[in-house]
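The sequence lines fix the lettering, A, B, ..., with proteins before strands; numbering per chain opens at 1.
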Protein chains: 2
Amino acid sequence: MFELMGLPRMAGRIFGWLLISQPSHQSSGELAEVLQASKGSISSMTRLLIQIGLIERLPLPGDRRDFFQIKPHAWSQLHEQQLARITAFRKLSERGLDLVKTQSPQSQQRLREMHDYHAFWEKELPQVNQRWIEHQKERVRE
Amino acid sequence: MFELMGLPRMAGRIFGWLLISQPSHQSSGELAEVLQASKGSISSMTRLLIQIGLIERLPLPGDRRDFFQIKPHAWSQLHEQQLARITAFRKLSERGLDLVKTQSPQSQQRLREMHDYHAFWEKELPQVNQRWIEHQKERVRE
DNA sequence: CAATCAGTTCAGTGATTGCTGAACATTCCA
DNA sequence: TGGAATGTTCAGCAATCACTGAACTGATTG
């Protein structure tokens with residue numbers, strides 16, 4: 001599934017293990033062993049996962065090793081990325097509209113729709129995220 | 001930007017041209033020439049874009065050539081795909097939860113959050129899409 | 001200080017991908 | 001029926017990518 005999202009398989013394997021491992025934090029060494037992967041792979045993939053916002057590094061006092069664990073609210077994080085992409089599309093369509101602004105409104109229509117759609121989502125996405133946060137608060141109270 | 005979405009660059013180039021070309025429908029030959037690409041490329045990439053739902057084939061009576069044009073509401077289409085991915089994640093987390101159901105609730109928590117988040121979006125996404133459709137209707141009336 | 005351990009970097013590999021160009025298939029018209 | 005025009009399929013190439021393993025860095029401990 002991570003590959004479908006355009007991420008390396010190894011990133012998915014690490015994330016998958018961290019979803020179910022006990023304890024929830026695991027060292028590079030443990031990851032390398034259980035996943036049968038090289039230290040190099042673990043190093044670069046954990047870096048990637050941290051950058052995306054799905055996991056976090058967890059230094060334990062008195063232990064020289066780095067531990068990794070799934071970041072709470074990792075999933076909201078993922079959709080932040082998506083917001084960035086939507087914004088990029090909105091801006092791209094604006095650049096396009098600017099270039100064809102002298103042409104007939106009819107020929108602008110395709111870009112117009114692209115623009116409006118992304119502008120719409122740019123507004124909606126944070127609201128849905130907000131709703132998720134509240135939805136989650138309720139769950140905790142139960 | 002298409003490459004960022006995990007699609008081949010050529011698909012993006014075709015889509016980009018169809019966003020601004022006049023007329024809005026273009027034949028394979030025209031696409032191949034303006035984009036300086038091989039007929040084979042055009043053939044496979046238009047097939048891909050049709051499959052994704054971003055463009056459509058437009059047979060003109062009396063013309064042996066196939067024409068392609070951007071599908072109206074192409075963008076909603078894209079987010080249908082995303083809904084499928086969300087559903088897949090929701091199901092995957094359910095499979096996971098089933099496997100660890102005998103363990104402590106605490107150790108299930110990571111999967112639980114993954115599940116709830118995707119179940120939430122699975123419900124929200126169609127609603128937002130509905131709102132987009134209505135939002136668009138208003139625009140037309142103006 | 002040396003020795004050890006954890007982690008990073010990077011050259012090298014095998015596999016995959018995107019694209020071309022040529023061969024092939026199909027449709028239409030003379 | 002031939003032949004021209006249009007589109008598809010596929011072998012092959014170049015570029016890219018994911019991953020390994022080894023060399024390296026840097027921190028900690030005896």
Roughly, in whole Å, what's the span from [atom1] in [X] to [atom2] in [N]?
X     : N      : atom1 : atom2 : value
B:E30 : D:dA5  : CD    : P     : 16 Å
B:F2  : C:dC19 : CZ    : P     : 12 Å
B:D63 : C:dT26 : CG    : P     : 21 Å
B:L7  : C:dT17 : CG    : P     : 13 Å

query = Would a distance-only check, ignoring hydrogens and angles, find a side-chain to backbone donor-acceptor pair under 3.5 Å from A:R9 to A:E3?
reply = no
message = I'd like to know if the side chain of B:R65 reaches the main chain of B:S28, judged simply by a donor and an acceptor atom lying under 3.5 Å from each other, with no hydrogens or angles considered.
response = no
note = Sorted by chain and residue number, the salt bridge (Lys or Arg N to Asp or Glu O under 4.0 Å) partners of B:R64 (sequence neighbours excluded) come out as none
ask   = Can you list the residues that meet the salt bridge (Lys or Arg N to Asp or Glu O under 4.0 Å) rule with B:D116, with sequence neighbours excluded?
value = A:R139, B:R112
Between N or O atoms, less than 3.5 Å apart, protein on one side and nucleotides 5-9 of chain C on the other: list the pairs.
from  : atom 1 : to    : atom 2 : distance (Å)
C:dC5 : O2     : A:R64 : NH1    : 2.8
C:dG7 : OP1    : A:D66 : N      : 2.2
C:dG7 : OP1    : A:D66 : O      : 3.3
C:dG7 : OP2    : A:S28 : OG     : 3.3
C:dG7 : N7     : A:K39 : NZ     : 2.8
C:dG7 : O6     : A:K39 : NZ     : 3.0
C:dT8 : OP2    : A:S43 : OG     : 2.7
C:dT8 : O5'    : A:S43 : OG     : 3.4
C:dT9 : OP2    : A:R47 : NH2    : 3.2

ask   = Contact class for A:Q36 (heavy atom, under 4.0 Å): base, sugar-phosphate, or nothing?
value = sugar-phosphate
query = Is the distance between the ring centroids of B:F120 and A:H135 under 6.0 Å?
reply = yes
message = Using a 4.0 Å cut-off on heavy atoms, which residues in residues 8-26 of chain A reach DNA chain D? List them by number, or say none.
response = A:P8, A:R9, A:M10
remark   = The side-chain contact (heavy atoms from CB on, under 4.5 Å) partners of B:R90 (sequence neighbours excluded) come to B:T87, B:E94, B:H115, B:H118, B:A119, B:E122
Would you be so kind as to tabulate the donor-acceptor pairs closer than 3.5 Å made by side chains of residues 69-78 of chain B, with sequence neighbours excluded?
from  : atom 1 : to    : atom 2 : distance (Å)
B:Q69 : NE2    : B:E56 : OE2    : 3.1

query = When you check the gap from the basic side-chain N to the acidic O, do A:D98 and A:R95 get nearer than 4.0 Å?
reply = no
